[in-house]
Amino acid sequence: GAIKNILTPKTPKYANEILNVGKNLAEKGSKLRDTAINTAKEFGKKVDGTKIVKAVEEWGKRAKNANPTQKSAIQKILSAAKNTYKGKQLKVDTAKNLWDDADAGYTAAGRTANTIEGGYHGAVRGILRKELDRVAPGFEKGTGLIREGLKKEKLLKPIRDSLSRADIKE
């Protein structure tokens with residue numbers, strides 16, 4: 001009621017723009033990132049898999065010290081990473097898909113409090129972010145815009161939905 005009384009009979013001219021700023025920012029970031037990836041693909045850019053292995057090995061050293069009872073599980077992860085990535089040149093879209101998987105894995109591991117898995121995915125995600133931005137300039141800026149947009153959208157979407165339900169339109 002109170003919001004409706006303030007905004008009736010018509011929301012301010014820029015309300016729609018303001019209420020969609022998060023969504024628009026995320027879309028802008030997504031387009032920027034997609035353009036960066038597609039341009040890098042066109043130029044045949046590759047991501048060095050050995051850099052992934054080095055990042056995972058660095059994580060492994062720290063993880064073994066922090067989790068001495070999990071050394072064998074960590075070693076299995078290290079061996080799998082070496083076998084999968086060492087000496088390989090990954091296509092940009094393959095690296096981007098791997099980054100997406102690592103990002104999702106990092107988030108999922110955090111929800112289940114699996115520090116070993118989360119640490120591994122965090123290491124892969126971190127090195128791929130750097131390497132993707134190196135071969136596809138704009139990747140990190142796009143990712144940052146998406147992150148910022150999603151943060152704003154988390155606040156603005158419920159407001160937008162509430163106003164929509166109250167039939168308050170521009």
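Only this structure's heavy atoms are used, side chains among them; waters, hydrogens and symmetry mates stay out.
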Please report the closest heavy-atom contact between [X] and [Y], naming both atoms and the distance.
| X | Y | value |
| --- | --- | --- |
| Ala40 | Ala136 | CB-CB, 3.7 Å |
| Lys71 | Pro68 | CG-O, 3.4 Å |
| Ala81 | Val53 | O-CG2, 3.6 Å |
| Val47 | Glu131 | CG1-CB, 3.8 Å |
| Leu156 | Ile18 | CD1-O, 3.5 Å |

Under the side-chain contact (heavy atoms from CB on, under 4.5 Å) rule, what do Leu25 and Leu150 come out as? Steps first, then yes or no, please.
CA-CA 8 Å; Leu25 204 53; Leu150 291 176; over 6 Å; no
Which distance, rounded to the nearest 0.5 Å, do you find between the [atom1] of [X] and the [atom2] of [Y]?
| X | Y | atom1 | atom2 | value |
| --- | --- | --- | --- | --- |
| Asn20 | Arg160 | CG | CZ | 4.5 Å |
| Ser72 | Lys64 | OG | NZ | 9.5 Å |
| Ile127 | Leu132 | CD1 | CG | 10.0 Å |
| Leu90 | Lys51 | CG | NZ | 12.0 Å |

Mind running side-chain contact (heavy atoms from CB on, under 4.5 Å) on Val124 and His121 for me, showing each step along the way?
CA-CA 5 Å; Val124 171; His121 287 299; 5.6 Å; no
Below 3.5 Å, can you tabulate the donor-acceptor pairs from side chains in residues 139-147 to any protein atom, sequence neighbours excluded?
{"from": "Glu140", "atom 1": "OE1", "to": "Arg129", "atom 2": "NE", "distance (Å)": "3.0"}
{"from": "Thr143", "atom 1": "OG1", "to": "Arg33", "atom 2": "NH1", "distance (Å)": "3.1"}
{"from": "Thr143", "atom 1": "OG1", "to": "Phe139", "atom 2": "O", "distance (Å)": "2.9"}

May I ask you to test the Lys41-Asn38 pair for a side-chain heavy-atom distance under 4.5 Å?
yes
Lys45 vs Gln89 side-chain heavy atoms within contact, under 4.5 Å
no
Does Trp99 share a hydrophobic cluster with Leu32, counting links as ILVMFWY side-chain heavy atoms below 4.5 Å and allowing steps through other members?
no
Are Ile37 and Val135 connected in the hydrophobic side-chain network, where two residues link if heavy atoms are under 4.5 Å apart?
yes
Is a donor on one side and an acceptor on the other found under 3.5 Å between the side chain of Thr84 and the backbone of Ala80?
yes
Quick one: does Ser79's side chain have a donor or acceptor within less than 3.5 Å of a partner on Gln75's backbone?
yes
Residues at least two apart in sequence or cross-chain that pass ring-ring contact (aromatic ring centres under 6.0 Å, His included) with Tyr120, listed by chain then number, are none
With the threshold set at 4.0 Å, does a side-chain nitrogen-carboxylate oxygen contact exist between Lys151 and Glu148?
no
So does Glu27 pair up with Lys23, basic N to acidic O under 4.0 Å?
no
Once salt bridge (charged side-chain N to carboxylate O under 4.0 Å, His left out) is applied, what residue pairs with a partner in residues 81-91 remain, sequence neighbours excluded?
Glu57-Lys82
Pairs meeting criterion salt bridge (charged side-chain N to carboxylate O under 4.0 Å, His left out) with involvement of residues 100-118, two or more places apart:
Lys96-Asp100, Asp103-Arg125
Working for side-chain contact (heavy atoms from CB on, under 4.5 Å), residues Lys28 and Lys31:
CA-CA 5 Å; Lys28 180 180 176 183; Lys31 286 177 186 172; 5.9 Å; no
Which ring pair (Phe, Tyr, Trp, His ring centres under 6.0 Å) pairs, counting each pair once, include a residue from residues 38-87, with sequence neighbours left out?
none
Tell me, please, which residues at least two apart from Gln70 pass side chain to side chain contact (heavy atoms under 4.5 Å, CB included).
Asn67, Ala73, Ile74, Ile116
Looking at Lys54, I'd like to know if its NZ atom is crowded, meaning that more than 12 non-hydrogen atoms belonging to other residues, nucleotides or ligands lie closer than 6.0 Å.
no
